[in-house]
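Written out below as structure tokens is the structure these notes cover.
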Amino acid sequence: MWENIQPAPPDSILGLTEEFKKDRNPGKVNLGVGVYKDNNGRTPILGAVKKAEQQLLARETTKSYLPISGDPAYGRAVQKLVLGEDSDAFASSRAVTVHAPGGTGALKVGADLLKRFKPQARVWVSSPTWANHNGIFGDAGFELDRYSYYNPESKGLDFDRMLDDLGRAPAGDIVVLHACCHNPSGVDLNQSQWDEVVRVADKQGWIPFLDFAYQGFGDGVGEDRYAVERFAASGMDFLVASSFSKNFGLYNERTGALTIICPGVVEAKVAMSHVKTVIRTNYSNPPAHGGLVATIILEDSGLYQEWLAELADMRERIKNVRRTLVKGLADCGVPGDFSFIERQRGMFSFSGLSDEVVKWLRAEKSIYVVGGGRINLAGLTTDNLDYVCSSIAEAIKAVP
């Protein structure tokens with residue numbers, strides 16, 4: 001049946017990793033896929049995770065199915081983290097949470113749910129956005145539109161145009177927003193700018209869908225949820241897709257959540273009834289291990305504090321890499337001011353490298369960067385940073 005069917009194109013990010021694995025150059029560097037690595041180039045298992053797993057294995061008595069929505073304790077733990085323990089949305093039970101297979105699964109469940117009740121809506125994504133946003137919402141059957149976000153000239157946020165575009169989004173449309181650590185640009189809104197976006201959303205009546213994959217990688221767990229808190233305080237309907245891949249290092253456990261925040265308890269119960277029907281015809285019920293591990297950590301004060309400390313170490317390493325990269329590029333004589341990299345947040349940066357330079361780096365130096373120049377700063381270590389900086393300097397001279 002496949003004789004006359006052309007192969008699908010490789011994923012722009014995961015396909016890059018496949019190329020990297022095949023590369024036999026011992027000096028190769030992967031700055032593509034969004035996975036945290038320590039200074040030794042490893043993706044570590046957090047100490048708090050190891051301890052929680054030991055507790056889980058000691059007390060686990062069954063491998064039976066979880067409920068369709070996941071363990072209720074997991075849902076409560078997610079809401080405390082994502083909304084804040086003092087949040088009215090959490091305390092009043094006007095938010096409901098389902099355990100999804102990773103942040104991607106949460107986005108997909110939310111997209112399928114919205115398509116049932118908003119079939120004519122358009123989905124607005126930032127320009128640029130994580131490539132898979134286009135695939136997820138497009139595959140759910142939505143037409144996509146874009147709102148302004150990144151200004152390549154200033155290497156910062158194009159906020160005035162962003163507000164203008166969001167002010168044109170009609171009631172009932174869906175707007176996907178990066179709650180923190182924007183992927184791929186690393187450029188975030190400040191608190192006053194978020195206040196303006198919430199005001200526009202409330203006035204226009206569009207549905208915010210927040211992608212919250214990097215909580216704790218910006219300024220801290222509490223600080224990074226400011227946008228979620230402001231939308232929750234507004235009383236409007238909105239959705240949050242969150243993930244424990246990055247901040248807990250639970251990449252291969254596919255541990256995420258979809259939280260639906262409603263104006264009241266009655267609406268929240270209706271929302272939960274329908275999201276469960278979406279899940280039932282997709283993966284039926286979620287994988288248990290990662291969610292149970294995350295719940296143990298979030299409910300145990302000692303493990304929670306240990307996790308916060310480990311998360312802070314990851315966050316500070318990324319910030320230090322940003323500073324070191326800027327200095328390294330300057331020391332190698334790379335033309336231009338790269339100080340904007342220090343102002344960005346999270347694992348990613350729009351480096352400003354052209355697609356031609358990106359291709360040259362891959363072909364000549366085995367340095368793998370996503371098209372458009374997005375780099376994963378966690379892929380830089382003390383062992384490879386000088387090599388990367390000198391290679392970029394060489395690439396810029398070699399490419400017209």
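Counting from 1, the numbers follow the sequence of the chain as shown.
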So do [Y] and [X] actually touch side chain to side chain, heavy atoms under 4.5 Å?
{"X": "K115", "Y": "V278", "answer": "no"}
{"X": "V197", "Y": "F159", "answer": "yes"}
{"X": "L298", "Y": "F244", "answer": "yes"}
{"X": "L239", "Y": "L114", "answer": "yes"}
{"X": "V78", "Y": "S242", "answer": "yes"}
{"X": "P208", "Y": "V175", "answer": "no"}
{"X": "L177", "Y": "S126", "answer": "no"}
{"X": "K269", "Y": "V265", "answer": "yes"}

Measure from the side-chain N and O atoms of [X] to the backbone N and O of [Y], and report whether any donor-acceptor pair falls under 3.5 Å.
{"X": "D383", "Y": "N40", "answer": "no"}
{"X": "R322", "Y": "I341", "answer": "yes"}
{"X": "W307", "Y": "N247", "answer": "yes"}
{"X": "D145", "Y": "W124", "answer": "no"}
{"X": "T43", "Y": "Y36", "answer": "yes"}
{"X": "R122", "Y": "L144", "answer": "yes"}
{"X": "E310", "Y": "G47", "answer": "yes"}
{"X": "K50", "Y": "I45", "answer": "no"}
{"X": "Y147", "Y": "V176", "answer": "yes"}
{"X": "R94", "Y": "C262", "answer": "yes"}

With salt bridge (charged side-chain N to carboxylate O under 4.0 Å, His left out) as the criterion, how do E196 and R199 come out once you've worked through the C-alpha distance, each side chain's angles and the decisive distance to 0.1 Å? CA-CA 5 Å; E196 281 294 297; R199 181 189 62 79; 3.0 Å; yes

I'd like to know whether [atom1] of [X] has more than 12 heavy-atom contacts from other residues, nucleotides or ligands below 6.0 angstrom.
{"X": "K118", "atom1": "NZ", "result": "no"}
{"X": "R116", "atom1": "CZ", "result": "yes"}
{"X": "E316", "atom1": "CD", "result": "yes"}
{"X": "D86", "atom1": "CG", "result": "no"}

Closer than 4.0 angstrom, basic N to acidic O: yes or no for [X] and [Y]?
{"X": "D23", "Y": "R362", "value": "no"}
{"X": "R323", "Y": "E342", "value": "no"}
{"X": "K108", "Y": "D112", "value": "yes"}

Calculate, to the nearest 0.5 Å, the distance between atoms [atom1] and [atom2] belonging to [X] and [Y] respectively.
{"X": "D38", "Y": "T381", "atom1": "CG", "atom2": "OG1", "result": "9.5 Å"}
{"X": "N39", "Y": "L380", "atom1": "CG", "atom2": "CG", "result": "10.0 Å"}
{"X": "E53", "Y": "E253", "atom1": "CD", "atom2": "CD", "result": "6.5 Å"}
{"X": "E229", "Y": "Q191", "atom1": "CD", "atom2": "CD", "result": "9.0 Å"}
{"X": "M162", "Y": "D164", "atom1": "CE", "atom2": "CG", "result": "11.5 Å"}

For [X] and [Y], which heavy atoms make the closest approach, and how far apart are they?
{"X": "G32", "Y": "F348", "value": "O-CE2, 4.4 Å"}
{"X": "K365", "Y": "Y387", "value": "O-OH, 2.5 Å"}
{"X": "L157", "Y": "Q193", "value": "CD2-OE1, 3.5 Å"}
{"X": "A106", "Y": "F209", "value": "O-CZ, 4.2 Å"}
{"X": "D237", "Y": "P263", "value": "OD1-CD, 3.1 Å"}
{"X": "G371", "Y": "D355", "value": "C-OD1, 3.7 Å"}

In this structure, which one of I279, V109, V240 forms a side-chain contact (heavy atoms from CB on, under 4.5 Å) with L258? V109

Please determine, by modelled atom types, if Y368 and N376 share a side-chain donor-acceptor pair under 3.5 angstrom. no

Under 3.5 Å, is there a donor-acceptor pair between the T62 and S64 side chains? no

Whether Y150 and F350 hold their rings parallel, tilted or perpendicular, with breakpoints at 30° and 60°: perpendicular

Can you label the angle between the Y149 ring and the H178 ring as parallel, tilted or perpendicular, going by 30° and 60°? tilted

Quick check: is V275 connected to V270 through a chain of hydrophobic side chains (ILVMFWY, heavy atoms under 4.5 Å apart)? no

Would you say the ring centroid of F117 lies under 6.0 angstrom from that of H274? yes

Counterpart residues, ring pair (Phe, Tyr, Trp, His ring centres under 6.0 Å), relative to W130 (two or more places apart): H133

side-chain hydrogen bond (donor to acceptor under 3.5 Å, both in side chains) evaluation trace for D195 with Y226: CA-CA 9 Å; D195 292 342; Y226 182 81; 2.7 Å; yes

